[in-house]
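Computed over heavy atoms, backbone and side chain alike; hydrogens, waters and symmetry mates excluded. Here the structure is a predicted model, which is why all the values come from computation and not from measurement. The residues of the chain are indexed from 1 along the displayed sequence.
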Amino acid sequence: MHNRSDQFSKNLLRDGLSLVSSAETEVEVLAATQKIDVYSVPDPARQAERAGMGLLGELSAEPSLFEPFHRTPSLRQIRQCLRKQLTWHHELERRARSAAGSAAPDEDVDAPPQPAVDFPALVVIGPGRPETVLEAYRCEPVQPGVYHAVPGLSMRVVVLAELPRTRATLLLRLLGSGRLLREALADLAALPDDAWEKSIAKPLLVHFRLGGQEPATDKEDEVSAEIRAWFEDYERKLRAEERKEGRTEEAARAVLTALRVRGIAVPDEARERILAEKNPEILERWLERAIVAASLAEVLDDLS
């Protein structure tokens with residue numbers, strides 16, 4: 001009966017609309033492959049850590065798609081993001097049904113209830129204020145630089161240029177460019193060395209070479225010079241650490257070579273322990289022993 005009602009509804013609408021338009025039923029929708037930039041699912045056990053992450057922590061309090069844009073996003077680009085959001089929710093529902101062993105059809109009224117799946121939020125991040133987007137989706141400000149669309153969309157829009165220059169917004173402001181990035185880099189450099197923001201951002205900034213931008217105005221010369229010096233110092237430390245790791249790896253292999261020359265078998269577990277050692281003094285001591293040792297125990301006896 002349900003099927004007949006469904007077919008009746010489709011055909012009635014098709015035939016009625018055909019009087020004034022081109023209408024057809026059962027139109028297959030092929031979704032092109034899309035990739036979410038970042039998908040985040042909060043860990044309930046880490047709520048305290050998330051609370052200390054400022055705005056990024058607030059935005060990640062629920063399952064969310066994060067879509068950052070280098071330029072202010074257009075209405076067309078936001079529609080593409082919304083399509084990702086809807087398609088991903090559909091995929092999450094499919095996975096939940098599969099895990100629960102539920103039947104695939106959604107239309108059967110007698111089918112058992114489907115597993116509940118949270119609708120993921122969409123977080124769009126861009127440098128400027130996307131006026132057409134904010135107007136089209138009735139976005140309202142909830143705090144400086146953060147807008148929420150109508151509830152049914154579960155969409156948040158973050159305008160980097162409008163975020164207050166505070167530590168709570170720092171990691172997000174590092175997604176900007178030009179003045180926004182320079183200010184964020186200066187704020188990052190001013191943090192204590194053990195700040196969690198530095199441990200996350202510094203290696204990536206150096207890897208992607210985002211710290212040596214030229215100043216846009218004379219007023220920014222001093223800040224830019226400080227940032228460049230900070231990056232050069234960090235890169236020097238990074239290179240020194242890489243050289244140190246290279247030396248310890250060579251020393252570990254020298255120990256293994258000496259053991260092999262002495263005809264001493266090295267089990268896989270002992271080999272891994274030797275290669276994992278990063279203290280050059282211990283490796284040097286092992287090497288001295290390996291040159292004259294008659295057994296592996298004479299070399300590694302000081303290990304717990």
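Remark: Val142 pairs with Val146, His148 by the side chain to side chain contact (heavy atoms under 4.5 Å, CB included) rule, at least two apart or across chains. Evaluation of the side chain to side chain contact (heavy atoms under 4.5 Å, CB included) rule for Pro192 yields Asp194, Ala195 as partners, not counting sequence neighbours. Partners of Arg79 under the side chain to side chain contact (heavy atoms under 4.5 Å, CB included) rule, at least two apart in sequence or in another chain, are Leu75, Tyr137. Annotation: side chain to side chain donor-acceptor pair (under 3.5 Å) contacts of Arg165 (sequence neighbours excluded): Asp187.
Side chain of Arg262 to backbone of Ser295: no donor-acceptor contact under 3.5 angstrom is found. Counting only distance, with no hydrogens or angles, the side chain of Gln85 and the backbone of Leu153 share a donor-acceptor pair below 3.5 Å. Looking only at distances, no side-chain donor or acceptor of Ser154 sits under 3.5 Å from a matching main-chain atom of Ala121. Counting only distance, with no hydrogens or angles, the side chain of Ser60 and the backbone of Leu56 share a donor-acceptor pair below 3.5 Å. Thr257 places no side-chain N or O within donor-acceptor distance of the main-chain N or O of Val255, the cut-off being under 3.5 Å. Panel note: side chain Thr87, backbone Arg83; a donor-acceptor pair is recorded below 3.5 Å.
Contact check for Phe69 versus Ile125: no side-chain heavy atoms found under the 4.5 Å cut-off. Two residues are said to be in side-chain contact when any heavy atoms from C-beta on lie closer than 4.5 Å; Val159 and Pro130 meet this criterion. Residues Leu170 and Leu191 form a side-chain contact, since some pair of their non-hydrogen atoms from C-beta on lies under 4.5 Å apart. Between Thr72 and Pro127 the shortest side-chain heavy-atom distance falls below 4.5 Å. Looking only at side-chain heavy atoms (C-beta outward), Leu181 and Leu185 come within less than 4.5 Å of each other. Contact of the Trp88 side chain with the Pro120 side chain is registered, since non-hydrogen atoms from C-beta on lie closer than 4.5 Å. Counting heavy atoms from C-beta on, the side chains of Val123 and Ser40 never come closer than 4.5 Å. Two residues are said to be in side-chain contact when any heavy atoms from C-beta on lie closer than 4.5 Å; Leu65 and Cys81 fail this criterion.
Of all the heavy atoms in Cys139 and Val133, the pair that sits closest is SG-O, 4.1 Å. What you find for Leu300 and Ala270 is that their closest heavy atoms are CD1-CB, 4.1 Å. A pairwise comparison of heavy atoms in Ala294 and Ile264 identifies C-CD1, 3.8 Å as the closest pair. Heavy atoms only, all atoms of each residue included: Leu171 and Ala201 are closest at CD1-CB, 4.4 Å. Across Arg173 and Leu163, no two heavy atoms sit closer than the pair CG-CD1, 4.1 Å. What you find for Ser177 and His70 is that their closest heavy atoms are CB-CE1, 3.6 Å.
Atom CG of Leu287 and atom CG of Leu259 lie 9.0 Å apart (nearest 0.5 Å). Of the inter-residue distances, the one linking Leu122 atom CG with Ile78 atom CD1 reads 7.0 Å to the nearest 0.5 angstrom. With values rounded to the nearest 0.5 angstrom, Leu82 atom CG is found 12.0 Å from Gln77 atom CD. The structure places CE of Met53 at 9.0 Å from CG of Leu172, a figure rounded to the nearest 0.5 Å. Taken to the nearest 0.5 Å, the CG atom of Leu180 stands 11.0 Å off from the CD atom of Glu162.
Under the 4.5 Å side-chain heavy-atom criterion for Ile, Leu, Val, Met, Phe, Trp and Tyr, Val41 and Leu86 are members of distinct hydrophobic clusters. Ile36 and Phe119 fall into different hydrophobic clusters, where Ile, Leu, Val, Met, Phe, Trp and Tyr side chains are chained together by heavy-atom contacts under 4.5 Å.
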>> As a quick check of understanding, evaluate side chain to side chain contact (heavy atoms under 4.5 Å, CB included) for Val158 and Val124, giving each step before the final call.
In response: CA-CA 6 Å; Val158 179; Val124 177; over 6 Å; no
>> Checking Glu249 against Leu275 for the side chain to side chain contact (heavy atoms under 4.5 Å, CB included) test, could you report, in this order, the C-alpha distance in whole Å, the side-chain angles of both residues, the deciding distance, and whether it holds?
In response: CA-CA 7 Å; Glu249 183 178 349; Leu275 291 173; 5.5 Å; no
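Evaluated for a salt bridge (Lys or Arg N to Asp or Glu O under 4.0 Å) with Glu67, the options Lys84, Arg156, Lys35 yield exactly one hit, Lys84.
Judged purely by distance below 3.5 Å, without hydrogens or angles, the side chains of Gln143 and Glu58 pair a donor atom with an acceptor atom.
A salt bridge between Glu277 and Arg273 is absent, with no side-chain N of the basic residue lying under 4.0 Å from a carboxylate O of the acidic one. Of the charged side-chain nitrogens involved, at least one lies within less than 4.0 Å of a carboxylate oxygen, so that Glu197 and Arg167 count as a salt-bridged pair.
Within the structure, every pair that satisfies the salt bridge (Lys or Arg N to Asp or Glu O under 4.0 Å) test and touches residues 131-145, not counting sequence neighbours, is listed here: Arg129-Glu131. Among residues at least two apart or in separate chains, salt bridge (Lys or Arg N to Asp or Glu O under 4.0 Å) pairs with a member in residues 37-55 are Asp43-Arg46.
By the neighbour-count criterion of 12 heavy atoms within 6.0 Å, atom CD of Glu91 is densely surrounded, having more than that number from other residues, nucleotides or ligands.
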